[in-house]
K.L.:
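Before I ask anything, here is the structure I am working with.
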Amino acid sequence: MKLLMLGGTEFVGRAVTEAALARGWQVTVFHRGNHAPPEGVAALHGDRADAAGLAALEQGAWDAVVDTWSGAPAAVRDAARLLAERAGRYAYVSSRSVYAYPAPYGLDEDGPLVDGSADATTAEDYAAAKRGGELAAAEAFGDRALLVRAGLILGPYENIGRLPWWLGRIARGGPVLAPGPREAALQYIDVRDLAEWTLGALESGLGGAYNLLSEPGHATMGELLESCVQVTGADAELRWTAPEDVLAAGIEPWTELPAWLPPGEARDAFYGADVSRALATGLRCRPVRETVADTWAWLRAIGGTAPQRPDRPAVGLAPEKEAAVLG
């Protein structure tokens with residue numbers, strides 16, 4: 001297989017690139033040149049935000065394309081149109097944010113969607129931008145377009161900072177504010193499992209939309225944080241705190257305490273996807289402890305500080321705010 005990876009130097013794109021190389025695929029990475037791609041790829045340079053940024057893609061043919069773009073949908077439109085006659089299939093890594101909020105627990109791929117436009121030139125509304133990207137891929141590739149609707153993505157190379165923040169905080173040791181309930185079910189996808197499923201789906205000729213996440217309850221909040229304690233070897237004490245007490249302290253779910261949501265419609269929307277379609281087509285999800293351990297190993301290998309996407313706000317709870325609650 002000849003794969004064109006649009007991106008391929010960070011997080012999801014890098015995981016897809018490495019998985020494709022491991023399969024023996026020929027990989028071409030198209031990127032801006034800000035980060036080095038994995039060894040073994042052919043590199044093309046260009047900036048999709050520039051009018052002439054796709055010039056390097058005007059020649060060449062590929063069996064499949066993977067696109068992780070989360071900016072303005074017009075960039076997906078332009079790339080997909082340019083490649084439609086020279087690429088076999090087009091996988092667009094989208095998001096479950098494309099479902100109209102609040103998505104009820106158990107929603108499958110046929111649920112109502114937000115409005116979006118393939119011609120939009122801004123990405124101020126993340127959900128609308130991702131939906132516009134989906135429409136752009138589908139307009140150019142038809143049933144050859146694969147729409148990968150991911151939710152919470154964790155694992156090595158994470159440049160959002162969610163699991164890296166928890167690992168860093170727990171590694172410091174001492175009492176740790178652990179937002180309850182401990183048995184609250186999580187639903188997420190390890191970036192490497194996302195990569196493997198996506199490549200397998202392309203190879204098998206799948207098209208259409210797929211919710212790509214673990215089953216609800218694949219792990220719990222307790223298992224996630226206790227795995228962080230185990231792999232770091234830290235002298236940390238998890239202080240489980242009731243959701244109402246966390247909220248009463250003015251702590252923002254998801255951002256200040258990454259991956260945590262209190263019971264309610266937001267938790268149902270984020271952690272209640274029906275994933276039977278993906279499971280029936282080969283999705284396999286590794287244990288949470290493996291995801292945590294491998295992310296910790298990667299963090300230590302790069303000096304302990306995860307890279308941060310400039311278009312995303314930093315996550316995590318300020319020490320003084322945590323101390324006030326624990327005190």
Side-chain angles (χ1 to χ4, degrees), residues 1-31 37-38 40-46 48 53-71 73-95 98 109 116 118-119 130-150 189 191-212 277-284:
M1 292 280 285
K2 294 178 65 178
L3 174 70
L4 173 62
M5 182 69 232
L6 302 181
T9 64
E10 297 185 273
F11 201 22
V12 176
R14 190 174 191 92
V16 172
T17 298
E18 291 187 349
L21 291 171
R23 288 172 176 241
W25 291 17
Q26 297 177 39
V27 183
T28 300
V29 170
F30 173 79
H31 66 119
V41 306
L44 299 174
H45 293 134
R48 297 174 70 175
L54 297 178
L57 297 179
E58 291 176 354
Q59 303 293 325
W62 295 271
D63 297 304
V65 181
V66 175
D67 187 353
T68 64
W69 184 256
S70 59
V76 181
R77 176 202 65 196
D78 294 345
R81 286 178 179 175
L82 181 63
L83 296 165
E85 301 302 320
R86 293 181 288 114
R89 314 197 74 80
Y90 197 102
Y92 177 64
V93 180
S94 184
S95 166
V98 300
E109 291 84 353
D119 300 318
K130 278 298 190 182
R131 179 57 184 152
E134 290 189 348
L135 292 170
E139 286 172 8
F141 278 79
D143 60 8
R144 295 181 293 138
L146 177 68
L147 308 179
V148 183
R149 291 177 179 164
I189 186 75
V191 68
R192 297 162 297 177
D193 297 332
L194 181 154
E196 290 293 348
W197 181 88
T198 300
L199 296 178
L202 289 169
E203 200 167 32
S204 300
L206 298 184
Y210 289 82
N211 292 331
L212 206 71
R277 185 177 297 180
L279 292 172
T281 51
L283 175 63
R284 299 292 179 268

K.L.:
Within the distance-only criterion (no hydrogens, no angle test), does the side chain of Arg192 pair as donor or acceptor with the backbone N or O of Glu18 below 3.5 angstrom?
P.N.:
no
K.L.:
What residues form a side chain to side chain donor-acceptor pair (under 3.5 Å) with Arg77, not counting sequence neighbours?
P.N.:
Asp119
K.L.:
Of all heavy-atom pairs between Leu202 and Ala91, which one has the smallest distance, and what is that distance?
P.N.:
CD2-CB, 3.9 Å
K.L.:
Could you state the interatomic distance from CG (Leu4) to CZ (Phe30), rounded to the nearest 0.5 Å?
P.N.:
8.5 Å
K.L.:
Please lay out, stage by stage, how Val16 and Thr68 fare under the test side-chain contact (heavy atoms from CB on, under 4.5 Å).
P.N.:
CA-CA 10 Å; Val16 172; Thr68 64; 5.7 Å; no
K.L.:
Between Trp69 and Leu6, is a side-chain contact (heavy atoms from CB on, under 4.5 Å) present by the stated rule, with each step listed?
P.N.:
CA-CA 8 Å; Trp69 184 256; Leu6 302 181; over 6 Å; no
K.L.:
Which heavy-atom pair separates Val66 from Val93 by the least distance, and what is that distance?
P.N.:
CG1-CG2, 4.3 Å
K.L.:
Check Ala137 against Tyr92 and note the closest heavy-atom contact, atom names and distance.
P.N.:
CB-CB, 4.2 Å
K.L.:
For Pro73, does its backbone N or O pair with a side-chain atom of Lys130 as donor and acceptor, under 3.5 Å?
P.N.:
no
K.L.:
Of the non-hydrogen atoms in Trp197 and Leu283, which two are nearest, and what is the gap between them?
P.N.:
CD1-N, 3.4 Å
K.L.:
Check this for me, if you would: do Arg149 and Glu134 make a salt bridge, where the nitrogen-to-carboxylate-oxygen distance has to be below 4.0 angstrom?
P.N.:
yes
K.L.:
If a pair satisfies side-chain hydrogen bond (donor to acceptor under 3.5 Å, both in side chains) and one of its residues is in residues 202-211, list it, with sequence neighbours excluded.
P.N.:
Arg23-Glu203, Tyr99-Asn211
K.L.:
Kindly list each side-chain donor-acceptor pair under 3.5 angstrom involving residues 54-65, sequence neighbours excluded, with atom names and distances?
P.N.:
{"residue": "Trp62", "atom": "NE1", "partner": "Thr28", "partner atom": "OG1", "Å": "3.3"}
{"residue": "Asp63", "atom": "OD2", "partner": "Lys2", "partner atom": "N", "Å": "2.7"}

K.L.:
Which atom pair, heavy atoms only, marks the closest approach of Gly40 to Leu21?
P.N.:
O-CD2, 3.7 Å
K.L.:
Do side-chain atoms of Arg89 reach the backbone of Asp143 as a donor and acceptor pair under 3.5 angstrom?
P.N.:
yes
K.L.:
Can you classify the ring geometry of His31 versus His45 as parallel (below 30°), tilted (30 to 60°) or perpendicular (above 60°)?
P.N.:
perpendicular
K.L.:
Using atom types as modelled and distance alone, determine if a side-chain donor or acceptor of Arg277 lies under 3.5 Å from a backbone N or O of Ala209.
P.N.:
yes
K.L.:
Hey, what do you get for OG1 (Thr198) to CG (Leu206), rounding to the nearest 0.5 Å?
P.N.:
10.0 Å
K.L.:
Could you tell me the separation between the CZ atom of Phe141 and the CD atom of Glu85, rounded to the nearest 0.5 Å?
P.N.:
8.5 Å
K.L.:
First locate atom CG of Leu212, then atom OG of Ser94, and finally report the distance between them rounded to the nearest 0.5 Å.
P.N.:
11.5 Å
K.L.:
Locate the shortest heavy-atom distance separating Ala79 from Arg48; write the atom from each residue and the value.
P.N.:
CB-NH2, 3.8 Å
